[in-house]
Amino acid sequence: MAYEFQETEEMTLLRDTVRKFAREQIAPKARELDETETFSVEITKAMGELGLFGMFVPTEYGGQGLDHLSFVTVVEELARIDASQAAVVAVNNSLGSGAFYYFGTEEQKRKYLPDLCSGNGLWSFGLSEAEAGCDAQASKTTAYFDNGTNEWVINGSKMWITNSCTPLSLGITVQAVTGRTPDGRVETSCFLVPTNTKGLTIKPMKGKLMWRASDTGELYFKDLRIPAKNILGDKGMGFKIMMQMLDGGRLSIGAMGLGLAQGAFDLALEYAKDRVTFGKKLYEHQVISFKLADMAMRIEAARNLLYKATWLRQNNKPYGKEAAMAKLYCAETAEFCAREGQQIFGAYGLMKEYDIERFYRDATLLRIGEGTNEILRIVIGKHVCRS
Ligand code: CAA
C-alpha cells in the first residue's frame, strides 16, 4: 500500500498561518495564563475566527471541511508553543464536534455543530470517573428512561473533563450505565447533556501540574433530566462509541506530543546556539550535539508514525493500533525532548522564566491522558497478538 502523507501546498499555508498566530497571539500570554491557571476566552475565540474548530466537519454544518492531516498539523503547531491552547483545540475537535459528526442524528448535528465549529462553544467528553479511569467500563453513572415524561434521568459524576467549565462550555457527551446485556455484562449508552441543564453541577479542578491554562472540571448529575432525543447513537453502544472516539482522539493527543517535542527542541537549539561554556557555543560540544541529534531523530520517527496513522484514518482504513502506537510514541518523545531540552538549559531550565520549564511539566499529561502509556500497550498488545 502506498502511503501518501506528503504535505500539500494548502497544508503548508495552514501550518505557516497557525505558527504565526501561535507565536504572535499565544506565546506572549502563555506564561501568565499558566501561572494564574486562567482559561482564555479571548484566545479560544481568536482560534475560532482562524478556523481551527470543526476542522474535519463538512462546511454544510459550519465546519472547515478539511482532512485529518490538516487537523493534526494545526494541533502540532499550537503545541509547539503552548500545550494548553493545543488541548482546547484538540479536544473540542476530536471528542467534542467529532461526537456529533460521527454519531449524531441530523437534528443533533444541525443544532450543535455550527457553534462548536465556530469557537462560540465547546463540547466535552464525559467518560472518566473517580473510580473509572483506565477501566472505563466501570462507570457508576447511571441513566434510566422515564416513560411518563419521555426523558432520560442521569445520576452520578465525572472527573478530569477538559473544556467543561469555561464560559464557552455548551455541553458534555456522558457515558452512563443503562442496564445489563443478555449475558450479564454492563450496558452503557451515551447522552448529550447541555451545561445549562437543571441537576448538573460543574466544579473547576485547580492545582494541576500541567496544562494549567486549559480548563478541567468535575461534574455531578443529580436526577438530571434530558429529552429522549438526547441519546447519542443507539442504546447500549456507549462504550464502543467512547472507544471509537478515543481512537481518533489519540491522533490529536499524539499531535500534542509531537508539537511539544518539536517546541522543546526549538527552544534547546536556540539556547545551545547562544550560550557559551568552556570557550565555545553549547552546540559545539559533542555531548550537546548528540542530545540534539537524538531529539531530532525521535521527532522524525514520531512524525512519520503519527502522519501514517492519520493517513489511515483519512482513507477509511483500520487505524486503532497505529493511533495507539502514535500517541504512545509521541508522548514518550515529548517527555524525552522536554527532559533533554531542560538538561541543555541547565539550572535555567528549572526556572519559570524559561518556557522549557512549562514544556517539561506539560509533557507529563501525555503519558496519562486519553489512555495511559500502560493502557496503550494493552491496546497495541491486543492488536498484535490477535493478528
Ligand atoms: N472501537 C470499537 N469497539 C471497541 C474498541 C474500539 N477502539 N475497543 C474495544 N471495543 C469493544 C470490544 O470489541 C468489545 O466489544 P464486544 O463486547 O462486542 O466484545 C467491547 O468494546 C469491550 O472491549 P474490551 O473487552 O477490550 O474492554 P475492556 O474493558 O477490557 O477495556 C480498554 C479496554 C482498552 C482498557 C479501555 O477501557 C480503555 O481504552 N481504557 C482507557 C480509557 C481512556 O483512555 N480514558 C481517558 C479518557 S480522557 C478524558 O475523559 C478526559 C477528557 O476530557 C478528554
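We count ligands from 1, going down the list as the structure has it; atoms in each ligand are counted the same way.
Interatomic distance, NZ of K158 versus OG1 of T173, reported as 11.0 Å (0.5 Å rounding). The OG1 atom of T372 sits 7.5 Å away from the NZ atom of K327 when rounded to the nearest 0.5 Å.
Nearest protein heavy-atom contact of atom 52 (C) of ligand 1 is T162 OG1, 3.6 Å. Among all protein heavy atoms, the one lying closest to atom 35 (C) of ligand 1 is I375 CD1, 3.8 Å. Counting protein heavy atoms only, atom 50 (O) of ligand 1 is closest to S128 OG, 3.2 Å. Looking only at protein heavy atoms, the nearest one to atom 28 (P) of ligand 1 is Q137 NE2, 3.6 Å. Atom 7 (N) of ligand 1 has as its closest protein heavy atom D247 OD2, 2.9 Å. If you check which protein heavy atom lies closest to atom 54 (C) of ligand 1, you get L95 CD1, 3.6 Å. The nearest heavy-atom contact from the protein to atom 30 (O) of ligand 1 is K382 NZ, 3.5 Å.
Using a 4.0 Å cutoff on heavy atoms, G369 does not count as a contact of ligand 1. The shell of residues lying under 4.0 angstrom from ligand 1, judged by heavy atoms, includes C134. Taking 4.0 Å as the cut-off, R250 counts as a neighbour of ligand 1 on heavy-atom distance. For the ligand labelled ligand 1, residue V379 lies inside the 4.0 Å heavy-atom shell.
A side-chain donor-acceptor contact under 3.5 Å links R225 and T149. Remark: the E187 side chain and the T181 side chain contain no N/O donor-acceptor pair separated by less than 3.5 Å.
Side-chain contact check for K203 versus Y220: some heavy-atom pair is nearer than 4.5 Å.
Using a 4.0 Å cut-off between heavy atoms, L246 contacts ligand 1 through its side chain alone, with no backbone atom that close.
Ring-centre distance between Y144 and W152: not below the 6.0 Å cut-off.
For atom 31 (O) of ligand 1, the candidate residues are F239, Y319, W160, F125; the nearest heavy-atom contact is made by F239. Taking all heavy atoms of G133, G236, G371 into account, the minimum distance to atom 42 (C) of ligand 1 is reached by G133. Counting heavy atoms only, M243 comes closest to atom 8 (N) of ligand 1 of the residues M243, E370, M245. Atom 11 (C) of ligand 1 has its nearest heavy-atom neighbour, among R185, K240, Q244, in K240.
At least one test fails for R303 against the ring of F5: distance under 6.0 Å to the centre or angle within 45° of the axis. Judged by the 6.0 Å distance and 45° axis criteria, R298 is positioned over the aromatic ring of F336.
Within ligand 1, the atoms closer than 4.0 Å to a non-hydrogen atom of I161 are 53 (O), numbered from 1 in the order shown.
Test Q6, E76, Q314 against Y307 for side chain to side chain donor-acceptor pair (under 3.5 Å) and you get one pass: E76.
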Show your working on side-chain hydrogen bond (donor to acceptor under 3.5 Å, both in side chains) between S169 and T166 and close with a plain yes or no. CA-CA 5 Å; S169 304; T166 80; 3.1 Å; yes
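For atom 37 (O) of ligand 1, the nearest protein heavy atom lies closer than 4.0 Å.
Under a hydrophobic-cluster definition in which Ile, Leu, Val, Met, Phe, Trp and Tyr are linked whenever side-chain heavy atoms come within less than 4.5 Å, directly or via other members, V287 and L292 are assigned to the same cluster.
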